[in-house]
Asks: 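One structure coming up, written as structure tokens, with questions to follow.
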Amino acid sequence: MSSVQQDQRDAASESAGELDAVVVGAGFSGLYMLHRLRDTLGLSARVFEEADDVGGTWYWNRYPGARCDSESYFYSFSDRLSEDLLQEWTWSERFAAQPEILDYLQHVADRYDLRKDIQFSTRVVAAEYDDATGRWDVRTDDGGQVTATYLITAVGCLSSTNLPEFPGRDSFRGDSYHTGTWPHEGVDFTGKRVAVIGTGATGVQAIPEIAEQAAHVYVLQRTPNYDIAAGNRPMDAEDGRKIKANYREIWQTTRETGFGFPYDAPNRTALSVSEDERQQIFAEAWERGGFRLGTTFNDLLLDADANETASEFLRERIRERVDDPEIAELLSPRDHPFFTKRPPLENGYYETFNRDNVTLADVRKAPIQEIHPNGVRTADAEYEVDSIVYATGFDAMTGTLFKLGIRGRNGLGLQEKWSQGPRTYLGVATEGFPNLFMITGPQSPSVLSNMPVSIEQHVDWITDCLRYLRDNGLDTIEPLREAEDDWVDHHNEVTQMTLLPQANSWWVGANIPGKPRNLYPYVGGVGTYRLICDEVAAQDYDGFGQGSGGSARSGEFNGTARAKFIDIVSAAPAAS
Ligand code: FAD
Ligand code: NAP
């Protein structure tokens with residue numbers, strides 16, 4: 001067939017709703033995936049996006065103070081997408097605010113002409129695998145229907161908001177907002193009494209900004225966090241030049257380190273140095289700002305005594321900044337080790353509690369009992385307010401996936417299969433769901449990393465996998481049960497080596513009543529995980545059944561993933 005005839009045939013299939021790939025979501029993940037599918041592999045692909053524009057997280061989270069916690073120069077696409085874009089784009093602040101990140105993603109969409117293959121304002125409501133045709137049947141809320149060989153979820157780990165079922169919640173007569181679906185026109189809190197529920201990364205960003213405007217802010221805190229000073233500032237020209245000159249090495253480091261950050265990861269334990277030296281190391285990391293404090297020693301997530309040194313360092317910073325010692329103590333975490341819940345970065349958060357118009361309420365001691373027409377009633381107080389801000393987070397990692405109504409072979413529902421918690425192979429695929437790929441799915445590093453690095457790694461791995469299938473005359477791939485079981489066991493074993501299970505964090509699903517308690521992201525490290533995935537690919541996708549026309553029943557499992565992990569760990573120098 002000539003290339004013209006091939007193009008005509010592709011166009012006809014596409015207009016009949018028969019695609020090579022459907023991607024759901026147009027944030028960082030969906031944009032890059034579309035580019036790879038269409039422009040690298042030459043496949044026909046359509047992205048469905050519920051919002052009316054690209055951006056994902058940065059489209060929805062427009063609350064005051066919203067900005068990234070990864071430094072902007074590495075919270076972006078890397079040289080994998082384009083070295084030119086890295087050189088051309090200049091971030092105005094060390095931690096860019098939401099509008100600037102949204103601008104960036106819009107620019108990427110324009111630059112690669114991605115919008116023409118994105119159907120906006122369209123929600124995927126069902127995605128069912130047809131055993132007879134070996135294709136995914138995807139339905140949308142506008143009544144649309146397409147079929148595709150490959151279904152790729154780019155729906156984000158933090159895209160389904162969590163709005164707790166407080167009794168009387170809907171009786172409130174004032175205005176209420178969830179930070180994750182903030183009004184585009186913004187909110188003017190001038191002269192208003194505002195209750196903010198939640199002091200995670202979002203609340204910590206929003207509260208200082210709301211307090212600048214409002215008549216009074218009641219901060220309803222259930223659990224204090226170890227907030228770290230971000231050290232935000234405008235990017236100076238010299239910093240910008242140095243970064244641009246070193247971008248290749250910067251990105252290489254992000255791909256090799258544990259959390260996808262280009263920070264040094266010294267191979268030393270916290271208790272191996274003297275108290276003075278430890279304090280100096282913490283102080284230096286604190287001065288430099290951002291998440292560096294988490295990478296000062298290599299055992300902070302492994303050893304409770306080591307962790308306590310960092311935890312106490314951070315509590316001391318709170319006491320220094322908050323005038324009232326009782327409030328400082330209330331803001332000091334005592335129930336979980338540092339970094340077993342995601343530590344927020346803050347910009348003037350603690351000083352906010354020195355203001356006369358801010359009241360901190362302990363809703364752990366006196367829980368919220370109800371929302372009533374005039375405000376919030378807790379076990380020991382009444383807060384009459386004009387507005388309520390829910391900074392109560394997300395049903396993370398699985399919430400949005402389940403809403404897609406995914407059904408695999410024999411009509412098996414994803415939610416049903418994962419009723420006791422996710423079961424995946426490498427966090428990217430799951431048995432019984434052929435040709436389904438999940439970008440930053442559960443049991444991959446995902447939210448335990450600087451996410452663009454993990455997103456790119458998944459997208460590139462999926463791209464290579466699809467190319468491999470094509471080169472081998474195949475079109476169907478699916479994890480083997482034994483490979484999946486092995487990955488789940490490995491994931492759980494690595495989790496148990498850390499302190500992470502100790503905290504009631506959203507990382508373990510503790511924020512959603514009834515959600516199975518598991519560590520959802522993989523904590524083996526971004527660099528290690530990448531090597532594991534690459535090795536699985538190099539071994540002809542060991543552990544994946546492969547075939548054609550919907551049948552992926554032949555395949556081998558030689559334990560490549562676990563063997564690679566053991567190799568990496570055994571080769572690592574012993575910690576001092
Ligand atoms: P998203 O950006 O969440 O995009 C998913 C898209 O899928 C959304 O647009 C959604 O509308 C769409 N979608 C979902 N379901 C459907 C459906 N059924 N039909 C159609 N469309 C659907 N990570 C970091 O590494 N560093 C940071 O500094 C950082 N800051 C953050 C700040 C905030 C406020 C939040 C909430 C998260 C932050 N994150 C950060 C995590 C952030 O989510 C990721 O960095 C990244 O933006 C995720 O991109 P994504 O494309 O995978 O998902
Ligand atoms: P979150 O971390 O889950 O915090 C939710 C807050 O709401 C917590 O303080 C929680 O208290 C509280 N809460 C929930 N239900 C409650 C209830 N029934 N009663 C009282 N309090 C309740 O959510 P988030 O702050 O939106 O952040 C989620 C994640 O998004 C972050 O961890 C981060 O990964 C990402 N994020 C990143 C940035 C950034 O990088 N700049 C900014 C914002 C968000 P408990 O702690 O007691 O559960």
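Owing to the predicted nature of the structure, the values given are computational and were not obtained by experimental measurement. Just so you know, ligand 1 is whichever comes first in the structure, and atom 1 is the first atom listed for that ligand.
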Asks: Ignoring hydrogens and geometry, is there a side-chain-to-backbone donor-acceptor pair from Trp91 to Ser72 under 3.5 Å?
Replies: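 Judged by distance alone, yes, a pair lies under 3.5 Å.
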Asks: Are any protein N/O atoms closer than 3.5 Å to the N/O atoms of ligand 1? If there are, list each pair with names and the distance to one decimal place.
Replies:
from, atom 1, to, atom 2, distance (Å)
ligand 1, 2 (O), Thr57, N, 2.7
ligand 1, 2 (O), Thr57, OG1, 3.3
ligand 1, 3 (O), Thr57, OG1, 3.4
ligand 1, 9 (O), Glu49, OE1, 2.7
ligand 1, 9 (O), Glu49, OE2, 3.0
ligand 1, 11 (O), Glu49, OE2, 2.7
ligand 1, 11 (O), Trp60, NE1, 3.1
ligand 1, 18 (N), Val124, O, 3.1
ligand 1, 19 (N), Val124, N, 2.9
ligand 1, 21 (N), Glu50, N, 3.1
ligand 1, 25 (O), Met451, N, 2.7
ligand 1, 26 (N), Ser70, OG, 2.8
ligand 1, 28 (O), Asp69, N, 2.6
ligand 1, 28 (O), Ser70, N, 3.0
ligand 1, 43 (O), Thr57, OG1, 2.7
ligand 1, 45 (O), Tyr75, OH, 2.6
ligand 1, 47 (O), Tyr75, OH, 3.2
ligand 1, 51 (O), Phe28, N, 3.0
ligand 1, 51 (O), Ser29, N, 2.9
ligand 1, 51 (O), Ser29, OG, 3.4
ligand 1, 52 (O), Ser29, OG, 2.6

Asks: Using the six-membered ring wherever Trp is involved, compare the ring planes of Trp182 and Tyr63 and label them parallel, tilted or perpendicular (cut-offs 30° and 60°).
Replies: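 Geometry flag for Tyr63 against Trp182: perpendicular rings.
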Asks: Would you mind reporting whether Trp89 and Tyr104 have side-chain heavy atoms less than 4.5 Å apart?
Replies: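 Yes. Closest side-chain heavy atoms under 4.5 Å.
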Asks: Around Arg111, counting heavy atoms of other residues, nucleotides and ligands shown, do more than 12 lie under 6.0 Å from its CZ?
Replies: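 Result for CZ/Arg111: enclosed.
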Asks: Please determine whether the number of non-hydrogen atoms from other residues, nucleotides or ligands lying under 6.0 Å from atom CG of Asp264 exceeds 12.
Replies: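 Check fails, neighbour count at 12 or below.
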Asks: Using the six-membered ring of Phe95, assess whether NZ or CZ of Arg67 lies under 6.0 Å from its centre and within 45 degrees of the ring axis.
Replies: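 Judged by the rule (NZ or CZ under 6.0 Å from the ring centre, within 45° of its axis), Arg67 is not positioned above Phe95.
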Asks: Report all protein residues having a heavy-atom distance below 4.0 Å to some atom of ligand 2; order the list by chain, then number.
Replies: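 Protein residues near ligand 2 are Tyr63, Arg67, Cys68, Asp69, Leu158, Pro164, Phe166, Ile197, Gly198, Thr199, Gly200, Ala201, Thr202, Gln205, Arg222, Thr223, Lys341, Arg342, Arg364, Ala391, Thr392, Gly393, Phe394, Trp506.
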Asks: Do Lys515's NZ or CZ and the ring of Tyr520 fall within the cation-pi criteria of under 6.0 Å and 45°?
Replies: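 Because its charged atom sits under 6.0 Å from the ring centre and within 45° of the axis, Lys515 does stack over Tyr520.
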Asks: Does the side chain of Met235 reach to within under 4.5 Å of the side chain of Ser92, using non-hydrogen atoms?
Replies: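 Not in contact.
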Asks: Taking the side chain as every heavy atom from C-beta outward, state whether Arg62 and His184 have any atom pair closer than 4.5 Å.
Replies: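 Touching, per the 4.5 Å side-chain cut-off.
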